[in-house]
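Chain letters run A, B, ... following the sequence lines, proteins first and then strands; every chain starts at 1.
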Amino acid sequence: MISPSVYIARHMQVMLATLGEMIRSPMSNLMTIAVMGIALALPTGLHVILKNVQQVTAQWDGAAQISLFLKPSVTDKQADQLANILRKRQDIKSVTHITRSEALKEFRENSGFGEALEALEDNPFPAVIVVFPTEQSDNLLTVQTMLASFKQRPEVELAQLDMQWLKRLYAIMDFGRRGIWVLAAMLSLSVLLVVGNTIRLAIQNRRDEIEIIKLIGGTDAFIRRPFLYTGFWYGLSGGILSWLLVTLSIWLLSGPVSQLATLYDSNYSLSSLDFSGSLILLGLSIFLGLAGSWIAVSRHLDAIEPD
Amino acid sequence: MIEFHNVSKRYPGSCDALSQVSFKLAGGEMAFLTGHSGAGKSTLLKLIAVLIRPTNGQVLINNENIGHISRRRIPYVRRNVGIIFQDHKLLFDRTVFDNVALPLVISGLPHREIGRRVRASLDKVGLLNKEKSLPITLSGGQQQRVGIARAVVNKPPILLADEPTGNLDPELSREIMELFEQFQQVGVSVLIASHDLDLISQMGHKVLTLDEGRMTAGGMHNAPQDKLR
């Protein structure tokens, strides 16, 4: 009935016409777009920050490790013997032995307190044996049993479970990720409602026009089309605005963060939203704009019937 | 072209607005629909435009029973029926050209074709020089002509008019009626609801009279349906 080229031309025409209408009344449209942009920028920004934290912590091995600080009276040989005994255990993956002199050397090189150490007569560092449990035994209960048995050994002054805090951090991050999802879902819903409400008002403003179009044989698709394109434009511009907000915020934070990183002797810098992340943000925003207007149109268009 | 067979329409909570109405309007035939207000004229026109559905009986347009067509089909039926309203129903934020072009835009005609047909239609009603005007700047009679131009622009086989001369002086009314006659002469079925009995008698066309929902003149009385086919 309608040739494809005419059909596409018609769509392009409606698409541009709705964009033109939005540009002609910028204030009311900007409000809607701003609400969308901010609502989407919040979870997106949190997501970016969480990703950055993940990047920092990914360098740290997530597995638990137990440090055994040996008594000063234990000789290197005795310490080696202990390390060898531990290596034979089934539940231990590997064992590293840091002798007292190695510990001193490492500290001198890394800390910058080398000269202060010269003043000391004795080597103040204990020998350390670092035990890495196997992956099978890497759970709190097993590791704690292991820890208790190490504490009872006569050579051991102090046995300490490291990386427990890292696990807690991971758990907190997991919680944060879930929290962001919940927040994103709720804010997406609010974006949907904001677009829906804006489109509902637009439909009411054009009630007479819709009635007349129905009277002279306009199909539902024809009437729906401009409202759906309006929703599309809301989605696209809301998405672009939220992208700008996130990028701007990250840029504002990047200065202090790199300063902080310098203080920690790191050249870490904040990374912003990557390309695929940006596409997902825009796609989701457009989807929400379309879905919101679709809901409004399907709920309110049937109510307008000529008489 | 239009056939009513024993059509009744009852609105919820009231008596019959139309009762056992049967009539036939052939292609290229023109008829007036008269009766007091509340006699059922508007109800009859609304049935043809599928704005309402009959309670009983059959409404046939081009031999299609439109009483039971699906919602999706309704727009396509309406495209075959040009309607002229007493209150014109124009879009006041669009130019005359855009108003008249609307049915063609809806049908998805190419741009160039739309321009050609809109100008032909405006020429027919004598408003070609007003295509860029807004309807609010036109007189009542001119607005009515814009409404007529819009109703005929996609050349529908049926033209309905609800009190088209209701607000016009006799001379203008006469001109509008003559315009309808020109469409009838090129094969369009024209049905005009009017209570301007003087004008109707001068024109000398078929007259369908409604009285309290019953067709008292011009209809087919209790005709068995099998004989109508």
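- For B/Phe97, the CZ atom sits in a packed shell: over 12 heavy atoms of surrounding residues, nucleotides or ligands are nearer than 6.0 Å.
- Sorted by first and then second residue, the ring-ring contact (aromatic ring centres under 6.0 Å, His included) pairs with a member in residues 19-71 of chain B read B/Phe4-B/Phe23; sequence neighbours excluded.
- Both the backbone and the side chain of B/Val105 have a heavy atom closer than 4.5 Å to some heavy atom of chain A.
- For A/Ile223, no part lies under 4.5 angstrom from a heavy atom of chain B.
- A donor-acceptor contact shorter than 3.5 Å links the side chain of A/Arg10 to the backbone of B/Leu109.
- The number of heavy-atom neighbours closer than 6.0 Å to CH2 of A/Trp243, taken from other residues, nucleotides and ligands shown, is 12 or below.
- Heavy-atom neighbours of A/Arg299 CZ from other residues, nucleotides or ligands within 6.0 Å: at or below the threshold of 12.
- Contact check for B/Leu51 versus A/Leu215: side-chain heavy atoms found under the 4.5 Å cut-off.
- If you measure heavy-atom distances from B/Arg72 to chain A, you find no contacts under 4.5 Å at all.
- Atoms OG1 and CZ, from A/Thr219 and B/Arg78 in turn, are 11.5 Å apart once rounded to the nearest 0.5 Å.
- A/Glu305 touches chain B through its side chain: at least one heavy atom from C-beta onward sits under 4.5 Å away, while N, CA, C and O do not.
- Taken from CD1 in A/Ile212 to NE2 in B/His88, the straight-line distance is 11.5 Å, to the nearest 0.5 Å.
- At a 4.5 Å heavy-atom cutoff, the contact between B/Phe85 and chain A is made by side-chain atoms alone.
- Here A/His11 pairs with A/Tyr7, A/Tyr229 under the ring pair (Phe, Tyr, Trp, His ring centres under 6.0 Å) rule; sequence neighbours left out.
- Contacts of A/Ile216 with chain B are made by both backbone and side-chain atoms, with heavy-atom separations under 4.5 Å.
- Contact annotation for residues 17-37 of chain A against chain B (heavy-atom separation below 4.5 Å): no residues qualify.
- Contacts between residues 198-211 of chain A and chain B, counted as heavy-atom pairs separated by less than 4.5 Å, involve A/Arg206, A/Glu209, A/Glu211.
- With a 4.5 angstrom heavy-atom cutoff, B/Lys46 touches chain A only via side-chain atoms.
- Using a 4.5 Å cut-off between heavy atoms, B/Ile52 makes no contact with chain A at all.
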